[in-house]
Amino acid sequence: MRLENERFCVEIAELGAELTRIYDKKTETDILWEGDPAYWKRHSPVLFPNVGKTYRNTVLINGIQYPTAQHGFARDNEFRCISSGKGKASFLLVSTEDTKEVYPFDFELVITYILKEEGIQVIWEVKNPADETMYFTIGGHPAFRFAEKDEKKSDYLLWFPGKETLNYILIDLPQAAADPDTVYELKLKEGYVPVTEEMFEKDAMIFDGGQIEEVWLCRKDRTPYVGLKCQGFPNFGIWSVKDAPFVCLEPWMGRCDDVGFTAELSEKPGVNKVAGGEKFQQRYEILIR
C-alpha cells in the first residue's frame, strides 16, 4: 500500500500493518530504516499484545500459562486493508484460533496511517467484541535511519524539548526483563544529549512515568531531523544496534515485564484493559522537518 501527498511518499505492508518507507520528496531522503538484516530486518513494527518480553517468555491469564514471543504476534501476522483513500489507510487484524493458543482473548486491532503536511499520524484501536475484560500492552517501534550514507550515531543528538533531566531503567540481560530498582539519570544540556553507542549496550533505554511526550533526532548543529509527539504514553523506549545507522524512538502503552513478575496479566503494572464491548484508542505522530 502506498500513500502520497505533496511532501511524502509512504509505503505500508499488510504483514504486520508495518510502515516500511517514509520518503521525503522535499529533501529526497528516506527517513525510515530500510530493514537491512545485517543490523535489524524490520522498519516500524506494531508491538501487540505485549511490548518487549514477558518474564521467562510466559504470561499467566485466568490461571493458565501461555507462551509468548518478544513483542507479540501482530508484527508477524497479515492484516487486511479495510479502508483507503487520499493520504489515509486502515488495516485490521482479528483474533483467530491460532492467536488464542497464545493469547486467549477475542480482539479486533485496527492500525490507521494518516499523511499530514509535516509527517504521519499513527492511530491504534483495540476493540473487545467479547464479554470478558481483555488485557494487553501495545507499542510502536519506528526506526529512523541517518540522513547521509556515512553518518554515525556521533553525528546526532537527541532533543527533549523543555526537559532538563530524564530518568531511565535498563534490561537485566541475563533475566531478559526490566530492572526497575536501578534508575539512571540522563543529563541534558538545554534539552539535548549526544547519541552514543554506549547508550544501547544493555538494550533499550526505558523511560517510565510519562516523561517523554516529544523527542527529536537532531544533527550536531541542533537542526531537527525527525521527531515523535506522543501525549499520554506512560512508557517510552530508545534503542539501536551496535554500529547501526539508525535510532528507534518507541512510544509504548505498557512495556516488558519486570524481573520476577509472575502474577496474572491483569495485575501487571501499566497493563491496558478493555471491558467487553468497549474499545481502546491511542495515537502518535512522526514529524519530519
Side-chain angles (χ1 to χ4, degrees), residues 1-3 7-24 27 29-37 39-48 50-52 70-72 74-76 79 88-91 109 111-116 118-124 137-147 151 153 156-160 195 199-200 203-207 212-218 224-233 235-241 244-256 282-289:
M1 168 71 67
R2 174 177 289 189
L3 302 178
R7 174 82 185 273
F8 302 109
C9 177
V10 166
E11 295 178 7
I12 307 154
E14 291 194 338
L15 181 64
E18 183 176 2
L19 193 62
T20 58
R21 190 185 189 198
I22 303 173
Y23 180 72
D24 185 352
T27 60
T29 303
D30 273 300
I31 305 294
L32 203 64
W33 172 242
E34 63 268 29
D36 181 351
Y39 294 107
W40 189 53
K41 68 179 182 179
R42 302 184 190 267
H43 313 268
S44 181
V46 177
L47 318 179
F48 175 89
N50 53 282
V51 172
Q70 182 176 20
H71 293 321
R75 64 181 185 171
D76 296 315
F79 284 65
K88 180 178 180 180
S90 295
F91 301 83
L109 172 61
I111 311 296
T112 299
Y113 298 96
I114 304 173
L115 281 188
K116 303 286 188 177
E118 292 188 346
I120 302 104
Q121 185 177 69
V122 184
I123 304 173
W124 305 325
T137 57
I138 187 169
H141 201 317
F144 301 108
R145 56 167 292 171
F146 301 151
E151 287 183 322
K153 291 184 178 72
Y156 285 85
L157 306 169
L158 288 168
W159 177 38
F160 304 89
V195 180
M199 282 181 164
F200 312 109
D203 206 276
M205 304 168 70
I206 300 170
F207 300 83
I212 296 177
E213 292 190 331
E214 183 177 357
V215 56
W216 289 83
L217 187 62
C218 301
Y225 170 50
V226 60
L228 250 69
K229 283 191 176 181
C230 52
Q231 292 187 343
F233 282 75
N235 316 98
F236 200 96
I238 301 178
W239 175 79
S240 187
V241 175
F246 69 80
V247 172
C248 291
L249 304 177
E250 307 180 36
W252 300 334
M253 296 294 297
R255 60 162 174 80
C256 63
Q282 184 57 287
R283 66 189 65 204
Y284 70 93
E285 286 187 284
I286 298 170
L287 302 173
I288 295 130
R289 290 278 174 87

Quick one: list whatever passes side-chain contact (heavy atoms from CB on, under 4.5 Å) with Thr29, sequence neighbours left out.
Thr27, Ile31, Ala147, Tyr225
Crowded around Lys153 NZ? As in, over 12 foreign heavy atoms under 6.0 Å?
yes
Non-hydrogen side-chain atoms of Ile120 and Leu115 separated by less than 4.5 Å:
yes
Is a donor on one side and an acceptor on the other found under 3.5 Å between the side chain of His71 and the backbone of Gly52?
yes
Using the side-chain contact (heavy atoms from CB on, under 4.5 Å) rule, take Val195 and Leu217 through it: C-alpha gap first, then chi angles, then the decisive distance, then the call.
CA-CA 9 Å; Val195 180; Leu217 187 62; 4.2 Å; yes
Using the test salt bridge (Lys or Arg N to Asp or Glu O under 4.0 Å), find all partners of Arg42 that sit at least two apart in sequence or belong to another chain.
Asp76
For Asn50, give me all partners under side-chain hydrogen bond (donor to acceptor under 3.5 Å, both in side chains), at least two apart in sequence or on another chain.
none
Output yes when a side-chain donor or acceptor of Thr137 lies under 3.5 Å from a complementary backbone atom of Val51, and no otherwise.
yes
With sequence neighbours left out, what residues match Cys256 under side-chain contact (heavy atoms from CB on, under 4.5 Å)?
Ile171, Ala178, Ile206
Using modelled atom types only, decide if a donor and an acceptor are shared between the side chain of Lys88 and the backbone of Leu3 within a distance under 3.5 Å.
no
Got a sec, which residues hit side-chain contact (heavy atoms from CB on, under 4.5 Å) with His43, two or more places apart in sequence or on another chain?
Glu18, Thr20, Leu32
Does Tyr113 use its side chain to pair, donor to acceptor, with the backbone of Ala17 at less than 3.5 Å?
yes
May I ask you to check whether over 12 heavy atoms, not counting those of Gln70, lie within 6.0 Å of atom CD?
yes
Verify the neighbour count for atom CD of Gln231: are there more than 12 heavy atoms of other residues, nucleotides or ligands below 6.0 Å?
no
Going by side-chain hydrogen bond (donor to acceptor under 3.5 Å, both in side chains), name the residues that satisfy it together with Glu214, two or more places apart in sequence or in a different chain.
Trp216
If we only count heavy atoms from C-beta on, is the Ile286 to Phe144 side-chain gap below 4.5 Å?
yes
Strictly distance-based, threshold 3.5 Å: is any side-chain N or O of Trp40 a donor or acceptor partner for the main-chain N or O of Trp33?
no
